[in-house]
Amino acid sequence: MRPGQDDAEAARTEAFAELARMQPVDSGSLASLHELLLVVRRTLPGVEDVSLTLGEPDAPTHVTTTSPGAARADGWQVMAGEGPSFDAYRDGATVTSARWTADPRWPRVARHSETATGGPATAVPVQYGDRRWGVLTCYGDQVHAADQVEAVELVAGTVAAVLTGSRQRDELRALVAQLGEALESRATIDQAKGVIMAHRGGTPDDAFDHLSAMSQHRNVKLREVARDVVQRATAARRERTDGADAGR
């Protein structure tokens, strides 16, 4: 391998390592996705333009590109309703073309891009397990070569893993928050049951039934009713304490 090739391979290896080390990104943030795509672009030095579409190409949730050229290429496919990105997402398989704007598989693309001279393209579904996030599409003179296609597929798999890690992180955070809220609600309800039992007598089940009846009557969530009961009891205790202190 020549020195120039060694340098290019080293740069590619470092960029890929950077991609693999990336912290989970916010899949709902265009800034985060664009940062991710720039790392992808550095990972694939033979690629000129890159596009990342989350969701179906004709109804995406987010789209980010590395250049106006990639954005135009995506636009031609959207206007035509077909193209390598559409096929890759639909079929869950890699799609390559030596000249995608003149490919007979997508005749409408040729009509929508009559003045374009689009060259090679490779589109790869961004998929992790059963979850298909979207499609990664690369444009450039060498992207349909076998070694480049393999590299794009590897990168797309890494992007899917990064996005999945982000989603799992977000789901875990939401679960922890829900658990914390549930534990707090349970503690408040238990406190309220104790207050009701002290005031009305009866069993814990009786106290819970009383709280439930109050909740239905007020059309308010049970935890809100319980919080109100506890707050009223606390306020009454403070009034008694303040009154006793004032009488001394």
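The first residue in the sequence is number 1, and the count goes up from there.
- We find the OG1-CG distance between Thr61 and Leu54 to be 5.0 Å, quoted to the nearest 0.5 Å.
- You'll find the side chain of Val124 stays beyond 4.5 Å of the side chain of Val135, heavy atoms only.
- Residues Ala88 and Val95 approach most closely at N-CG2, 3.7 Å, considering heavy atoms.
- Under the ring pair (Phe, Tyr, Trp, His ring centres under 6.0 Å) criterion, Phe86 pairs with no residue, sequence neighbours left out.
- No donor-acceptor pair closer than 3.5 Å links the side chain of Gln127 to the backbone N or O of Gly157.
- Under the salt bridge (charged side-chain N to carboxylate O under 4.0 Å, His left out) criterion, Asp87 pairs with Arg90, not counting sequence neighbours.
- Between Pro60 and Pro57 the shortest heavy-atom distance is CD-O, 3.5 Å.
- Partners of Glu224 by salt bridge (charged side-chain N to carboxylate O under 4.0 Å, His left out), not counting sequence neighbours, listed by chain and number: Arg227.
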Which side-chain N or O atoms in residues 210-220 pair as donor and acceptor under 3.5 Å with protein atoms at least two apart or in another chain?
| residue | atom | partner | partner atom | Å |
| --- | --- | --- | --- | --- |
| Ser212 | OG | Phe208 | O | 3.0 |
| Ser215 | OG | Val220 | O | 2.4 |
| Arg218 | NH1 | Asp228 | OD2 | 3.2 |

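- Minimum heavy-atom separation, Trp100 to Ala121: CD1-CB, 3.6 Å.
- At a threshold of 4.5 Å between side-chain heavy atoms, the hydrophobic network of Ile, Leu, Val, Met, Phe, Trp and Tyr places Val225 and Ile189 in one connected group.
- The shortest heavy-atom contact between Pro125 and Gly92 is CG-C, 3.5 Å.
- Residue Thr188 holds its OG1 atom at 9.0 Å from CD of Gln231, rounded to the nearest 0.5 Å.
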ask   = Would Asp49 and Thr65 count as a side chain to side chain contact (heavy atoms under 4.5 Å, CB included) if you check the C-alpha gap in whole Å, the side-chain angles of each, and the deciding distance to 0.1 Å?
value = CA-CA 8 Å; Asp49 302 311; Thr65 64; over 6 Å; no
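- A side-chain donor-acceptor contact under 3.5 Å links Ser85 and Thr137.
- Residues passing the side-chain hydrogen bond (donor to acceptor under 3.5 Å, both in side chains) test with Thr94 are Glu153, sequence neighbours excluded.
- For Tyr89, there are no side-chain hydrogen bond (donor to acceptor under 3.5 Å, both in side chains) partners two or more places apart in sequence or in a different chain.
- Here salt bridge (charged side-chain N to carboxylate O under 4.0 Å, His left out) pairs that include residues 197-209, with residues two or more places apart or in two chains, number zero.
- Judged as a side-chain contact (heavy atoms from CB on, under 4.5 Å), and not counting sequence neighbours, the contacts of Ala160 are Val126, Tyr128, Trp133.
- For Asp103, the side-chain contact (heavy atoms from CB on, under 4.5 Å) partners are Ser97, Arg105, Trp106, not counting sequence neighbours.
- Legend: residues meeting side-chain hydrogen bond (donor to acceptor under 3.5 Å, both in side chains) with Thr53, ordered by chain and number and at least two apart, are absent.
- Separation of atoms CD (Glu48) and OG (Ser67) is listed at 9.0 Å; rounding is to 0.5 Å.
- Not counting sequence neighbours, Asp58 has no partner by the salt bridge (charged side-chain N to carboxylate O under 4.0 Å, His left out) test.
- The side-chain contact (heavy atoms from CB on, under 4.5 Å) search around Ala207 returns Lys193, Ile196, Met197, not counting sequence neighbours.
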